[in-house]
Protein chains: 2
Amino acid sequence: MKNIKAKLIKLFKEGYCTPQIARIAKKINEPSATIHYNIKKLERDGAIKTYKAVFDYKKIEEGFCVYVLINVSPSEYEYDWSRYESKIVSELAKHKEVESVDIMAGDWDLILKIRTKDQDEYYDFLREVVSRIAIQKSISLISLKQLKTNFVLMKQHE
Amino acid sequence: MKNIKAKLIKLFKEGYCTPQIARIAKKINEPSATIHYNIKKLERDGAIKTYKAVFDYKKIEEGFCVYVLINVSPSEYEYDWSRYESKIVSELAKHKEVESVDIMAGDWDLILKIRTKDQDEYYDFLREVVSRIAIQKSISLISLKQLKTNFVLMKQHE
DNA sequence: TTACCTATCTGAATATTGTTCAAACATAGG
DNA sequence: CCTATGTTTGAACAATATTCAGATAGGTAA
């Protein structure tokens with residue numbers, strides 16, 4: 001047993017997928033060379049960043065999902081925005097538990113979406129990663145059920 | 001000109017992609033028949049829902065991104081949860097502008113992530129979709145910059 | 001309008017990749 | 001130990017992606 005599953009999940013989170021040109025060609029009834037040309041154009045223009053898998057996260061030990069709303073302490077960015085964006089925020093983005101990082105307008109500075117196996121693992125993440133940055137205030141909003149993720153409907157009843 | 005671009009984007013939001021078995025096989029140095037077997041197992045087990053593209057949303061007319069926190073009116077679910085989940089929430093999930101829908105624990109009932117071209121299109125979405133459900137309170141948190149989305153780092157400087 | 005340039009489309013040949021299958025191997029339970 | 005079940009693998013085969021040259025369409029300037 002080689003535990004290839006874990007390696008696949010890691011690779012599929014970033015990419016290692018590709019369009020199904022022949023299937024698309026049949027679907028919209030165009031020659032596959034035409035489909036190919038148009039896909040390459042989208043890639044060249046940077047409109048497509050990657051092709052990747054969408055998981056049933058409960059089944060890959062990432063069933064616990066939390067939105068974290070954060071106010072960074074004013075000292076962290078008021079006099080050095082570039083440090084704020086390049087060090088602090090992209091430091092957060094690096095971690096595998098982090099699905100998304102947004103810099104926000106309005107009452108909150110950042111919104112993170114975090115996926116872990118369970119509450120314990122989430123607690124560890126907060127301690128080891130989030131608490132390292134100077135935070136004025138933060139709240140964790142826990143997802144009970146995800147009906148749609150990344151534009152993909154999650155089937156009910158499982 | 002056949003405007004194939006728009007059709008491709010629509011298809012790639014849901015799927016129409018597939019793993020690159022040969023590339024993965026080289027990457028982790030295993031036979032491609034083994035990779036194939038393990039991928040099919042992940043699919044059979046339901047761990048992988050689909051393979052799809054991740055976009056640079058600014059380049060596909062979806063540059064405006066908002067998180068909407070919603071409190072549904074008590075009347076909507078207190079005496080009929082199944083109506084709440086099956087009608088109201090999955091009605092929201094249907095729309096193409098909706099990237100994700102989560103049913104939450106705690107202060108808020110729902111979090112939506114919405115992508116539109118601009119503020120005007122977002123306003124239309126609020127009017128035509130969100131305002132149709134009985135809402136007690138809702139706030140819109142506007143994303144200024146996305147550093148990571150769906151586990152994919154967005155390249156800076158563009 | 002024509003002439004010209006560039007982008008898009010397409011069929012057919014080729015290169016690469018996915019899929020199947022049967023046998024070997026590993027693992028867990030009794 | 002045996003048996004049942006799941007995993008790994010190479011080799012043959014099927015399907016798909018890619019390339020390329022020529023055709024077509026679109027835009028612009030004279």
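A, B, ... follow the sequence lines: proteins, then strands. Residue 1 opens every chain. None of the values given here were measured: they were computed from a predicted structure.
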Send over the distance from [X] [atom1] to [N] [atom2], rounded to a whole Å.
| X | N | atom1 | atom2 | value |
| --- | --- | --- | --- | --- |
| Glu43(A) | dT18(D) | CD | C1' | 12 Å |
| Leu8(A) | dG18(C) | CG | P | 13 Å |
| Ile39(B) | dG18(C) | CD1 | P | 8 Å |
| Lys40(A) | dC20(D) | NZ | P | 14 Å |
| Asn3(A) | dT27(C) | CG | P | 13 Å |
| Tyr37(A) | dG22(D) | OH | C1' | 15 Å |
| His36(B) | dA12(D) | NE2 | C1' | 15 Å |
| Ile4(A) | dT9(D) | CD1 | P | 6 Å |

Earlier contact from the 5' end, DNA chain D, for Lys41(B) and Arg23(A):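 Taking each residue's closest nucleotide, the earlier one in sequence belongs to Lys41(B).
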Tyr51(B) side chain to Gln20(B) side chain, donor-acceptor N/O pair below 3.5 angstrom: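 No - no donor-acceptor pair under 3.5 Å links their side chains.
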Sidechain N-carboxylate O distance under 4.0 Å for Glu62(A), Arg115(A):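 So Glu62(A) does not pair with Arg115(A) through a salt bridge.
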Sugar-phosphate only, base, or nothing, as touched by Ala33(A) at under 4.0 Å among non-hydrogen atoms: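 Here Ala33(A) touches the bases of the nucleic acid.
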dT9(D) phosphate, OP1 or OP2, under 4.0 Å from Lys2(A) side-chain N/O: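 Result: yes.
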Phosphate contact (dT8(D) OP1 or OP2) by Asn38(B) side-chain N/O below 4.0 Å: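 The answer is yes; a side-chain N or O of Asn38(B) sits under 4.0 Å from OP1 or OP2.
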Taking the side chain as every heavy atom from C-beta outward, state whether [X] and [Y] have any atom pair closer than 4.5 Å.
| X | Y | value |
| --- | --- | --- |
| Tyr57(A) | Thr149(A) | yes |
| Leu11(A) | Ile28(B) | yes |
| Leu92(B) | Leu110(B) | yes |

Candidate nucleotides dT8(D), dT17(C), dT10(C), ranked by approach to the side chain of Thr34(B) - the nearest: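 Per side-chain heavy atoms of Thr34(B), the pick is dT8(D).
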Given DNA chain C, 5'-ward residue of the pair Thr18(A) and Ser32(A), judged by closest heavy atom: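 That would be Ser32(A).
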